[in-house]
2 protein chains.
Amino acid sequence: MSAASTPEPSRRDELLAIAAGLFAERGFKNTTVRDIADAAGILSGSLYHHFDSKESMVDELLDTFQTELWKQYDAITASDLTAKGKLTAIVRASFDAIDHHHSEVAIFQNDAAYLTTFERFGYLAERNRKFRTLWVGLLEDGVASGELRSDLDVELVYRFLRDTVWVAVRWYRPGGSLTPADVADQYLTILLEGINQ
Amino acid sequence: MSAASTPEPSRRDELLAIAAGLFAERGFKNTTVRDIADAAGILSGSLYHHFDSKESMVDELLDTFQTELWKQYDAITASDLTAKGKLTAIVRASFDAIDHHHSEVAIFQNDAAYLTTFERFGYLAERNRKFRTLWVGLLEDGVASGELRSDLDVELVYRFLRDTVWVAVRWYRPGGSLTPADVADQYLTILLEGINQ
DNA sequence: GTCTATAGAAGGATAGAC
DNA sequence: GTCTATCCTTCTATAGAC
């Protein structure tokens with residue numbers, strides 16, 4: 001029986017975490033089932049006792065992560081913050097995700113475009129649409145309320161913001177000197193105020 | 001004999017362009033030599049009359065592109081613009097590259113991390129270091145001269161800037177309604193002035 | 001410059017023993 | 001839950017004819 005504070009991860013969870021790290025580091029296609037098995041100290045065939053396929057591993061990783069992330073986004077959306085307040089909160093939540101679910105975010109950043117070409121991963125495209133609707137809506141609300149400047153192309157600002165946040169997974173390392181809050185604050189300062197003196 | 005205005009591309013160049021498009025679209029690892037041959041209307045074995053290997057194709061693409069890009073960067077560096085002026089010029093040159101060498105930039109964005117693990121592509125890491133030195137130097141000069149604000153982490157601004165520019169290759173489509181100059185101007189406005197009202 | 005034919009390696013996945 | 005053993009597919013690359 002496992003301690004209440006840190007429930008013992010199942011073997012399945014351990015294997016999934018190992019796969020996540022490798023997928024994030026080398027990419028989905030560049031990681032073989034033999035790589036995963038080696039890292040886990042077992043043989044590749046044994047993986048299939050736990051998972052149907054390599055695809056189902058990455059599927060489970062991305063789906064679980066995205067479901068959790070959207071719980072946070074939905075809570076922020078439903079809050080009574082202003083548009084700018086919500087934008088800020090979502091940026092912070094996203095950097096937290098980069099910190100706490102680094103592998104999943106990296107996989108999403110690097111391999112989503114490829115995975116989306118399979119029907120199985122159709123939910124990724126759907127979530128992207130939802131994400132765009134959320135961001136663009138908040139940006140438009142911010143412009144309408146006078147919080148944000150009105151002379152910029154909202155669609156372009158959206159892409160700028162989205163990419164800027166998620167691409168940070170490429171250099172951010174959990175456990176380093178910068179906390180996700182540090183990074184989020186500096187990014188928000190640049191985004192909101194610019195780097196001009 | 002070819003017309004002087006548009007020199008006829010060699011068969012080799014045609015094949016390289018086809019490979020570039022596929023690498024950019026699906027990723028290097030997800031593109032097979034059969035895919036390239038199919039797209040060119042020949043059989044995969046025939047590719048090896050023109051190229052040593054699949055790796056040498058992507059190598060030639062990236063090396064040629066980077067050499068050309070750095071000619072522009074070096075010219076900007078050597079100019080008598082202010083630090084901020086140089087930063088602006090480099091951002092514009094980079095968006096031009098996204099426009100004119102879309103495939104190469106996409107390959108670099110998506111596959112460089114993987115390719116760098118081979119000695120053959122060591123020059124990619126070297127160019128990255130050179131790029132960092134250039135950007136960080138300009139940002140520091142801008143702060144020193146009072147053109148740029150001094151309360152931000154220069155290293156972090158550098159990463160922000162670098163990623164923001166290059167990741168645009170994911171959504172920017174050459175020939176669309178936005179010119180590279182349009183995008184560069186809006187990005188520079190956000191970066192320099194922010195989106196606050 | 002391309003085709004036929006195929007070698008040789010590496011990959012995902014399975015069946016059944018332990 | 002893991003191992004042994006192996007199948008089948010896919011992939012890069014080669015040799016020689018046309």
Side-chain angles (χ1 to χ4, degrees), chain A residues 1-2 7-63 107 110-111 114-121, chain B residues 1-2 7-63 107 110-111 114-121:
Chain A
M1 187 152 315
S2 60
E8 201 137 318
S10 67
R11 182 61 171 147
R12 184 188 160 80
D13 290 342
E14 284 177 1
L15 295 172
L16 206 49
I18 288 168
L22 291 173
F23 290 155
E25 203 179 303
R26 326 180 171 176
F28 177 70
K29 194 82 179 191
N30 293 321
T31 304
T32 70
V33 293
R34 286 180 177 87
D35 289 336
I36 301 169
D38 282 353
I42 59 178
L43 291 183
S44 63
S46 306
L47 281 176
Y48 291 83
H49 173 71
H50 303 275
F51 305 96
D52 281 347
S53 65
K54 189 174 105 165
E55 256 188 23
S56 75
M57 290 188 216
V58 79
D59 192 358
E60 186 168 334
L61 284 166
L62 290 179
D63 191 27
I107 297 166
N110 297 327
D111 291 309
Y114 167 67
L115 294 173
T116 308
T117 61
F118 303 100
E119 316 96 71
R120 169 171 205 166
F121 295 94
Chain B
M1 185 149 319
S2 59
E8 201 137 318
S10 67
R11 182 62 171 145
R12 184 189 160 79
D13 289 342
E14 285 177 2
L15 295 172
L16 206 49
I18 289 169
L22 291 172
F23 290 155
E25 204 179 303
R26 325 180 172 176
F28 177 71
K29 193 83 180 191
N30 293 320
T31 304
T32 71
V33 291
R34 285 187 179 89
D35 290 336
I36 300 168
D38 282 353
I42 60 178
L43 290 182
S44 63
S46 305
L47 281 176
Y48 292 83
H49 172 72
H50 303 275
F51 304 96
D52 281 347
S53 65
K54 188 174 106 167
E55 255 187 24
S56 74
M57 290 188 215
V58 79
D59 192 358
E60 186 167 334
L61 284 166
L62 290 179
D63 191 27
I107 296 166
N110 297 326
D111 291 309
Y114 167 68
L115 295 173
T116 308
T117 62
F118 303 100
E119 316 95 72
R120 169 170 205 165
F121 294 95

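By convention in this document, chain letters (A, B, ...) are assigned in the order of the sequence lines, proteins followed by strands, and residues within each chain are numbered from 1. These figures come from a predicted structure and were not determined experimentally.
A/E8 places its CD atom 13 Å from the P atom of D/dG1, with the value rounded to the nearest Å. In this structure, A/L22 atom CG and C/dG12 atom P are separated by 12 Å, rounded to whole Å. Per the geometry, CZ belonging to A/F118 stands 13 Å off C1' belonging to C/dG12, to the nearest Å. Distance, B/N30 CG to C/dG12 C1': 15 Å, rounded to whole Å. A/D13 places its CG atom 11 Å from the P atom of D/dG1, with the value rounded to the nearest Å. Put simply, NE2 on A/H49 is 17 Å from P on C/dA13, counting in whole angstrom units. Separating the CD atom of B/E14 from the C1' atom of C/dT2 is a distance of 14 Å, rounded to the nearest angstrom.
Remark: the backbone N or O of A/T31 is not paired with any side-chain donor or acceptor of A/D35 at under 3.5 angstrom. In this structure a side-chain-to-backbone donor-acceptor pair under 3.5 Å is missing from B/K29 to A/F28.
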Protein-nucleic acid N or O pairs under 3.5 Å, nucleotides 16-18 of chain D:
none

Give me, pair by pair, the N or O atoms of the protein and of nucleotides 9-11 of chain C that are less than 3.5 Å apart, along with how far apart they are.
from   : atom 1 : to    : atom 2 : distance (Å)
C/dG11 : N7     : A/R34 : NH1    : 3.3

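Summarising the geometry of B/D52 relative to B/S56, their closest heavy-atom pair is N-OG, 3.6 Å, with the distance given to 0.1 Å.
The structure places CD1 of A/I107 at 6.5 Å from CZ of A/F23, a figure rounded to the nearest 0.5 Å. The CG atom of A/L62 lies 8.5 Å from the CG atom of A/D111; values are rounded to the nearest 0.5 Å. If you take CZ on B/R34 and OG on B/S44, they are separated by 5.0 Å, rounding to the nearest 0.5 Å. For the atom pair A/F121 CZ and A/D63 CG, the distance stands at 9.5 Å (nearest 0.5 Å). One finds the CD1 atom of A/I18 at 9.0 Å from the CD1 atom of A/I36 (value rounded to the nearest 0.5 Å). In this structure, CG on B/L15 lies 7.5 Å from CE on B/M57, to the nearest 0.5 angstrom.
DNA chain D lies under 4.0 Å from at least one heavy atom of each of the following residues of residues 36-44 of chain A: A/I42, A/L43.
Each of B/H50, B/H49, B/E60 was scored for a side-chain hydrogen bond (donor to acceptor under 3.5 Å, both in side chains) with B/R12, with one residue passing: B/E60.
Side-chain proximity of A/S46 to the nucleotides D/dC3, C/dT2, D/dA13 is greatest for D/dC3.
Phosphate proximity of C/dT14 to A/Y48: absent, as no side-chain N or O sits under 4.0 Å from OP1 or OP2. Residue B/R12 places no side-chain N or O under 4.0 Å from the OP1 or OP2 atom of C/dG1.
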Might you work through the side chain to side chain donor-acceptor pair (under 3.5 Å) test for A/S10 and A/D13, ending with a clear yes or no? CA-CA 5 Å; A/S10 67; A/D13 290 342; 3.3 Å; yes
